[in-house]
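Reading through the structure tokens given below for one structure.
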Amino acid sequence: MPTSSASTTDSAKSSASGGVQSLERAFDLLERMADAGGEVGLSELSAASGLPLPTIHRLMRTLVACGYVRQQPNRRYALGPRLIRLGESASRLLGTWARPYLARLVDETGETANMALLDGDEIVYVAQVPSKHSMRMFTEVGRRVLPHSTGVGKALLAHTPDHEVRALLARTGMPATTEKTITTPEGFLAALADVRELGYAMDDNEQEIGVRCLAVTVPDSPTAAAISISGPAGRVTEAATERIVPVLQQVAAELSQALTSAGPAV
């Protein structure tokens, strides 16, 4: 049976970067689905991507057959469960790749270093290198917390539109874990404005009394990520903050470069 010219072009054409165009388009569609909340219609994907409906339909059929997308009873398409395993494995590797950079933070600041992601409405810690000081922190790999009481949460939400932040807080609530926890949307939005102005976020005894945390985002990370240091408030002073923040920002920039690098050509 002869192959249509459109199909042949889509499957064989390589982009200027040397990649297969159909693969690039398929992954672009998956990312657009994630940005839209995980479920979209074909017309929405066509409008967002600029691709013709026949091309999108062909790509989605392939993704459905592979289990990465599923078609809902309402004929819309949703991200499929097979992606969960890929995401979990990638999250573990992300922590592994980050560890040398966190170890540098510990060496240069003396405090515990963490890496966290925003997963849905929660903060999840994916990597940690503990301080050499004998002080146990509340953070640990795999732990999930609400963003309003953490430095990494503030860093990750600092550039999110106010109405989206309010919607998140309405879903999660703002329970107090200490007497210093921010418990109002207005207070939290004001804290996010401070993050944008200062270039870093702080948790000042808000998650755990006696502990202060400084955090920055990892710029241009493939998935929104933040790194932080946590230590006793008596050590993470104003003077220490002035010394630590530039180190955090430099390590975040280097980690970003490592994460966005495509690696050696094959």
### Summary
Closest heavy-atom pair, V218 versus L259, reported as atoms and distance to 0.1 Å, is CG1-CD1, 4.4 Å
#### Entry: Euclidean distance, M33 CE relative to E39 CD, rounded to 0.5 Å
8.0 Å
### Verdict with supporting geometry, M174 and I182, side-chain contact (heavy atoms from CB on, under 4.5 Å)
CA-CA 8 Å; M174 301 183 70; I182 299 171; 4.2 Å; yes
### From CG (L45) to NE2 (H57), nearest 0.5 Å
12.0 Å
## Note on the structure
Correct closest heavy-atom pair for A225 and L117 would be CB-CD2, 3.5 Å
### Task
Kindly say whether R58 contributes a backbone atom to a donor-acceptor pair with the side chain of T62 at under 3.5 angstrom?
yes
### Query
Between I227 and N114, does a side-chain contact (heavy atoms from CB on, under 4.5 Å) hold up when you go through it step by step?
CA-CA 5 Å; I227 59 173; N114 314 283; over 6 Å; no
### Message
Contact between Y77 and L42 at the side-chain level, heavy atoms closer than 4.5 Å - yes or no?
### Response
yes
### Message
So that I can tick it off, tell me whether D162 and R166 are bridged by a salt bridge, with the cut-off set at under 4.0 angstrom between side-chain N and carboxylate O.
### Response
no
### Backbone N/O of S131 and side chain of T112: donor-acceptor pair under 3.5 Å
yes
### Task
Verify side-chain contact (heavy atoms from CB on, under 4.5 Å) between Q128 and L102, making sure each step is shown before the conclusion.
CA-CA 7 Å; Q128 182 182 83; L102 299 184; 5.5 Å; no
### Message
R243: which residues meet the side-chain contact (heavy atoms from CB on, under 4.5 Å) condition with it, sequence neighbours left out?
### Response
A240
### Summary
Shortest non-hydrogen pair, A252 vs V216, comes out as CB-CG2, 3.8 Å
### Task
Count the heavy atoms of every other residue, nucleotide or ligand shown that sit under 6.0 Å from CD of Q71, and state whether that count exceeds 12.
yes
### Message
Check this for me, if you would: do D121 and R144 make a salt bridge, where the nitrogen-to-carboxylate-oxygen distance has to be below 4.0 angstrom?
### Response
no
## Note on the structure
Rounded to the nearest 0.5 Å, the CZ atom of R196 sits from the NE2 atom of H159 at a distance of 7.0 Å
## Note on the structure
Rounding to 0.5 Å, atoms CD1 (I209) and OG1 (T178) come to a distance of 4.0 Å
### Query
More than 12 heavy atoms of other residues, nucleotides or ligands under 6.0 Å from CZ of R104: is that the case?
yes
### Query
Is atom CD of E164 surrounded by more than 12 heavy atoms (other residues, nucleotides or ligands) closer than 6.0 Å?
yes
### Task
Grab the two heavy atoms, one from V69 and one from L30, that are nearest each other, plus how far apart they are.
CG2-CD2, 3.6 Å
### Task
Could you verify whether a donor N or O on one side chain and an acceptor N or O on the other, from S149 and D203, lie under 3.5 Å apart?
no
### Message
Given 3.5 Å as the limit, does a donor-acceptor pair link the side chain of R212 with the main chain of G231, or not?
### Response
no
### Query
Could you give the distance from CD (Q207) to OG1 (T150), rounded to the nearest 0.5 Å?
7.0 Å
### Within one Ile-Leu-Val-Met-Phe-Trp-Tyr cluster: V195 and I244, side-chain cutoff 4.5 Å
no
### Set of residues satisfying salt bridge (Lys or Arg N to Asp or Glu O under 4.0 Å) with respect to E31, sequence neighbours excluded
none
### Query
Do R70 side-chain atoms and A78 backbone N/O form a donor-acceptor pair below 3.5 Å?
no
### Task
Compute whether any side-chain donor of one residue and acceptor of the other, for S256 and D220, lie under 3.5 angstrom apart.
no
### Message
Quick one, T241 and L214 - any side-chain contact, counting heavy atoms below 4.5 Å?
### Response
yes
### Message
So, taking the atom named SG in C213 and the one named CG in D204, what distance separates them when rounded to the nearest 0.5 Å?
### Response
10.5 Å
### Task
State, with a plain yes or no, whether a side-chain heavy atom of D107 is found less than 4.5 Å away from one of K132.
yes
### Cationic N near anionic O, under 4.0 Å, R76 to E44
yes
### Query
With a 4.5 Å limit on heavy-atom distance, are the side chains of L248 and L105 in contact?
yes
### Task
Would you check if T183 and H148 make a side-chain contact, meaning some heavy-atom pair closer than 4.5 Å?
no
### Task
Would you name the heavy atoms of P175 and T172 that are closest together and state the gap between them?
CD-O, 4.3 Å
### Query
Nearest heavy-atom pair of P232 and E111: which atoms, and what distance?
CD-OE1, 3.8 Å
### Residue pair E206 / T181, side-chain donor-acceptor N/O under 3.5 Å
no
### Message
Between S221 and A224 (side chain of the first, backbone of the second, donor and acceptor by atom type, cut-off under 3.5 Å), is there such a pair?
### Response
no
### Query
Looking at side-chain heavy atoms only, is the closest gap between R143 and V124 below 4.5 Å?
no
### Message
Between L169 and L146, is there shared hydrophobic-cluster membership here, with clusters defined by ILVMFWY side-chain heavy atoms closer than 4.5 Å?
### Response
no
### Task
For R25 and L59, indicate whether the former's side chain and the latter's backbone hold a donor-acceptor pair under 3.5 Å.
no
### Task
Taking the side chain as every heavy atom from C-beta outward, state whether F188 and V165 have any pair of such atoms under 4.5 Å apart.
yes
### Query
Given side chains that start at C-beta, do those of L51 and S46 come closer than 4.5 Å, heavy atoms only?
no
### Message
Just checking R171: does its CZ atom have more than 12 heavy atoms from other residues, nucleotides or ligands closer to it than 6.0 angstrom?
### Response
yes
